[in-house]
Each structure stands twice: as C-alpha cells, then as structure tokens.
Amino acid sequence: MKNSRRKAKAVIVGGSIAGVSCAHALIAAGWDVVVLEKTSTPPEGCATGAGLGLDSVSEKLIQPWITQPELLQVLSLPMTIEHEQATDADKKITWTLTRDDNFNYKAMHWADLHRILYHSLSPEVVLWGHLFVSFSISDDKRSVKVQAKVLQTDETIEIVGDLLVSADGCHSAIRKTFLPDHKLRYSGYCAWRGVLDYSDNPQSETVVALKKAYPDLGKTNYFDIGSDGHAILYELINKRINWIWYRNQTEPDFKGNSVTTKVSKDMIEKMLTAAEKVWIPEFVKVMRETKEPFLNAIYDSDPLEQLYWDNVVLIGDAAHPISPHGGRSTNMSILDAAVLGKCLEKWGVEKLSSALQEYQSIRVVVAREQVLFSRRMGRIKQRLPLPDRELFDPVTADQKECEALRLRNIPYFCDVPSILI
Ligand SMILES: Cc1cc2nc3c(=O)[nH]c(=O)nc-3n(C[C@H](O)[C@H](O)[C@H](O)COP(=O)(O)OP(=O)(O)OC[C@H]3O[C@@H](n4cnc5c(N)ncnc54)[C@H](O)[C@@H]3O)c2cc1C
C-alpha cells in the first residue's frame, strides 16, 4: 500500500530536538522533509545548552533513527535514582524526603543529544540560517507554501509542501497565526543554571567534597528544596556537573522572544551571595566555579485543545510550552515526533486530516495533564501558594506528601501510545 502512494513532503520549522526528531520520524514514514532553522550553523560543542533527562521511552524511540545507536550509551549517564531532599539553610544540613530507586532516566547534555540526532540525517535535510517568515495554505487545503529568508543573502525563498510542521519552540510564530491571543504564562520564578566542567582537574577538591555531600551523584537526579526555591543536581559524562537553582522573582524583562539571558558579573555575584544563605557550602562552591552560569525565565502556557489546522501541525514546545518540573519537555518533543510519524504512515498523505486528527487525539490529553502537573509541582517545590493546599513544608511533611513529589506521579509517566507498539 505504502509504495503506491506518492511521496509526500513536509516543511518543518525549527531544527532543535522536536524538529530533527520529526525529520527522522517522517523520513521513516516515507516522507520527504526539509527543516528550516534560523540559527546559522549546527550547535556543535557543548557551549550550547546544558543537561536534560531522557526517559526510557525516548531512548527506545531514538534508537532506530540514529546511525550509531551505541552513542546514546556513550554520551549519557544512567540516572537510576530520583532523590528528593531538603536543605536547612541555617544548620547547613540536608535530609532525605523520598527516593525512587527505579527512576530509569539518562542524563545527557542537550548538545550531545542534538548532535547525534542531527548527524544521523542527510546533510541537505536541515537548512541552517533560514528564518521562517510566513505561510499560506492553498484553497483546496492540499498544499502549503512557506516563505523563508536566507539570512546570509537576505533572499526570500518559497518551499511548497503537503504539510507544515511547527517545531519553532514555545514562542512559535506559527501557533500565533492561529491563536493570536494565546499567551505564555510566567511561572513566578527563574532558573539559574550551569555546568561545571572539571575535566581539566579530575581530582577537583570541589567535586570530591560535593560527592561526599551528595554521595549518589553519578547515578542520581538530586532535587533539593531550600529556604529560597529548589535546586537540581546531576552528573553528565566527561566530568561535568549540571546544576539548576529555581528562585522566585518578578518576571524579568528579557529581550525579544528569549527566555534565556546573558548575565552580568554583578548578577552572578549577587546570586552566589544569596546561594550562601540557602545551600550547603559544597554546592555553592560548584556554582562559584562554574563558567558562565545563565538565567532561564520559566514559562508554560494553558494547554491547547487543538494541535492542527488544515495541513499545519504543532509539535514540541510550540504545541505545549511546559515548565520543567515533570522532566518532560524534550521527551514530549520526541514522543510528538514519533506519534506524528506513525499517524502519517498509517493514513498516508491522501488522508492527511485523519492522520492529524489521530495525532491530536493521542497527544492533546497527555500534554494537558502533563503541563498542569508540572505547573503544580513547580509551585509546590517553590513553595508558592496553591488554592487547594497548604505550602509544602519539608520539616513537617509526612511520607505521603513527600512521595507525591516523585516524578513518576506525572500522568502518563513513561506511557507508550498504542500506535507506537
Ligand atoms: C540552543 C538550545 C539549547 C537548549 N538547551 C537545553 C538544555 O540544556 N536542557 C533542556 O532541558 N532544554 C534545552 N533546550 C530546550 C529544549 O530543546 C526544549 O525545551 C525541548 O526539547 C523542546 O524542543 P523544541 O524543539 O520543541 O523547542 P526549542 O528547543 O525551543 O527549539 C525551537 C527551534 O526553532 C527555531 N526557530 C524559532 N523560530 C524560528 C523561525 N522563525 N525560523 C526558523 N527557526 C526558528 C529555534 O531557533 C530553535 O532551534 C534548548 C533549546 C535550544 C534551542
């Protein structure tokens, strides 16, 4: 059946994790794809991004897409334990709230995951330095014409496809054309984050001390609730420590569409001084020795009821901007891509709307529940008010309250939709 169908073409906007994953999934479904990415070159090296947690479902989905599946093992560290703890700022002590010994995530650097996905595509698939500008759907709704600007030459090009995939992130311009009033929602806090690279000093006293204080580092995702926000700590391959500190603050005024900003030395110094009042000295020293910590404002948005319009479909952060507390964003992008690929393979381009309808019906409910869970979990761990409960107090919290913090409580945790089985 598949061979008798004409080869369909998709234009994917955005060449980050959702975009390159989608390219793989659609190629596997027999489609031609082109990816438009505004960044001028592939993000080589580890200057871009920081750590992420890959779940076991994503790992399985990626395996057939990549030319060297063994690289997934080589470039990741198993995180078999989720350890939720609290820190007493005055006594500088920590204590365990709850622990999940069957966590089964992999810790990876964003740039490593992106690299193995991208390098497994033919080089002509991703057009770097191509800024998506606009699109128009044909009257019969059977094709879509996409205009993009080639940033190096300022020339505008047009590409016609059967399907436009919006993988252009949480600020998606494509989503805005359908939902101009749909706004991102500031969480009430920002994340300071960084990666300490100690490869040039493997015996680093700072890291030795850190590992004494957090003894299961290397196989554990530590979540730590302090007097001012909460923190995350885990190790990456090649002697790197990934850390994040979420701090409640008013919404920052970052330029343009950015949720990340470069920070001044003065801002870093103030953050470190504040850290000394919240975290144990071993953790603060890691922060202090990290080159170029950066600041992420945390946003999500109210879940969407619709993920496609005619022959335009949303995936990844464009479809469901989500706060990071369920460990979902990257995993959802990969799952979206895989489900979309299978729906297109099942229905073919002739029945595109059935394919997109099935994709939407599988993903919309899951995305809604996971976005709302992550939002709630963020507020609990940041000790921000919720209408139906008291503020979380790590000193008095009972076992049930502590166990509720575990990531596996997220609805559809590691759920595999039947279309992928
Ligand atoms: C450079 C980078 C580094 C990141 N590092 C981390 C990390 O360390 N840890 C982590 O958990 N998450 C990280 N993320 C976020 C993470 O990739 C996403 O939250 C998640 O994987 C969903 O991915 P996405 O592809 O839907 O969205 P995004 O990753 O936000 O990607 C959207 C892509 O669309 C492109 N784009 C947007 N508008 C246009 C346009 N008009 N024309 C062409 N292209 C456009 C952007 O340049 C971007 O590459 C990073 C994202 C980026 C872009």
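In each ligand, atom 1 is the first atom listed, and ligand 1 is the first ligand listed.
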field: Residues Trp243, Tyr214; criterion ring-ring contact (aromatic ring centres under 6.0 Å, His included); working and verdict
entry: CA-CA 13 Å; Trp243 60 267; Tyr214 296 83; over 10 Å; no
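Annotation: atom 41 (N) of ligand 1 to nearest protein heavy atom, Phe132 O, 3.4 Å. At the top of the distance list for atom 49 (O) of ligand 1, counting protein heavy atoms only, stands Glu37 OE1, 2.7 Å. Taking atom 10 (C) of ligand 1 as the reference point, the nearest protein heavy-atom neighbour is Gly51 O, 3.9 Å. Annotation: atom 24 (P) of ligand 1 to nearest protein heavy atom, Ala18 CB, 3.7 Å. Protein heavy atom in closest approach to atom 44 (N) of ligand 1: Lys38 N, 3.2 Å. Among protein heavy atoms, the minimum distance from atom 37 (C) of ligand 1 is reached at Asp168 O, 3.5 Å. Given atom 18 (C) of ligand 1, the protein heavy atom at minimum distance is Asp317 OD2, 3.4 Å. The protein heavy atom nearest to atom 17 (O) of ligand 1 is Trp110 NE1, 2.9 Å.
For His109, the heavy-atom gap to ligand 1 stays at 4.0 angstrom or more. The closest approach between a heavy atom of Ala173 and any atom of ligand 1 is not below 4.0 Å.
Taking all heavy atoms of Ser333, Gly316, Ala148, Cys170 into account, the minimum distance to atom 22 (C) of ligand 1 is reached by Ser333. Between the choices Val20, Ile12, Thr330, the shortest heavy-atom distance to atom 21 (O) of ligand 1 belongs to Thr330. Distances from atom 53 (C) of ligand 1 to the heavy atoms of Ser329, Gly15, Ser166, Ser16 put Ser16 nearest.
For ligand 1, the atoms sitting less than 4.0 Å from at least one non-hydrogen atom of Thr39 are 47 (O), numbered in the order shown with element in parentheses. Here is the list of ligand 1 atoms found below 4.0 Å of a heavy atom in His130: 42 (N), 43 (C). In summary, the atoms of ligand 1 found under 4.0 Å from a heavy atom of Ala50, numbered by their order in the structure, are 7 (C), 8 (O). Taking a cut-off of under 4.0 Å to the non-hydrogen atoms of Gly169, the atoms of ligand 1 that pass are 27 (O), 30 (O), 32 (C). Listed by number with element, the atoms of ligand 1 under 4.0 angstrom from any heavy atom of Gly14 are 33 (C), 34 (O), 35 (C). Atoms of ligand 1 lying under 4.0 Å from at least one heavy atom of Ala167, given by number and element, are 32 (C), 33 (C), 34 (O). For ligand 1, the atoms sitting less than 4.0 Å from at least one non-hydrogen atom of Leu131 are 40 (C), 41 (N), 42 (N), numbered in the order shown with element in parentheses.
Between Arg175 and Asp317 there is no salt bridge, since none of the side-chain N atoms of the basic residue sits less than 4.0 Å from a carboxylate O of the acidic one. One finds no salt bridge joining Glu358 and Lys351 here, because no Lys/Arg side-chain nitrogen approaches an Asp/Glu carboxylate oxygen to under 4.0 Å.
Contacts between Ala111 and ligand 1, counted as non-hydrogen atom pairs separated by less than 4.0 Å, are absent for every part of the residue. If you look at Leu36 next to ligand 1, the close heavy atoms, those under 4.0 Å, all belong to the backbone. By the criterion of a heavy-atom distance under 4.0 Å, neither the backbone nor the side chain of His171 is placed next to ligand 1.
Atom CD of Glu124 has more than 12 heavy atoms from other residues, nucleotides or ligands within 6.0 Å. Applying the 6.0 Å contact sphere to CZ of Arg185 captures more than 12 heavy atoms from other residues, nucleotides or ligands. No more than 12 heavy atoms of other residues, nucleotides or ligands lie within 6.0 Å of CD in Gln152, so this atom counts as exposed by the packing criterion. Within a 6.0 Å sphere centred on CG of Asp200, other residues, nucleotides and ligands contribute more than 12 heavy atoms. Counting heavy-atom neighbours within 6.0 Å of Lys342 NZ, excluding the residue itself, gives a total of 12 or less.
Formation of a donor-acceptor pair under 3.5 Å by the Arg328 side chain with backbone atoms of Ala367 is not found in this model.
Considering both main-chain and side-chain atoms, Gly49 never comes within under 3.5 Å of ligand 1 through any nitrogen or oxygen pair. Every N/O-N/O distance between Leu52 and ligand 1 stays at or above 3.5 Å.
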Side-chain donor-acceptor pairs of residues 378-385 under 3.5 Å, sequence neighbours excluded:
from	atom 1	to	atom 2	distance (Å)
Arg379	NE	Pro385	O	3.0
Arg379	NH2	Pro385	O	3.3
Lys381	NZ	Glu84	OE1	3.2
Lys381	NZ	Glu84	OE2	3.2
Gln382	OE1	His230	N	2.9
Gln382	OE1	His230	ND1	2.7
Gln382	NE2	Tyr246	O	3.1
Gln382	NE2	Asn248	OD1	2.7
Arg383	NH2	Gly226	O	2.8

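Taking OG of Ser333 as the reference point, atom CD1 of Ile17 lies at 7.5 Å (rounded to 0.5 Å). Rounded to the nearest 0.5 angstrom, Ile237 CD1 and Leu75 CG are separated by 4.5 Å. Rounding to the nearest 0.5 angstrom, the gap separating the OG atom in Ser58 from the CG atom in Leu113 is 8.5 Å.
Residues passing the ring-ring contact (aromatic ring centres under 6.0 Å, His included) test with Tyr234: none are found, sequence neighbours excluded.
Checking Lys211, Arg240, Lys219 one by one against Glu235, the salt bridge (Lys or Arg N to Asp or Glu O under 4.0 Å) holds for a single residue, Lys211.
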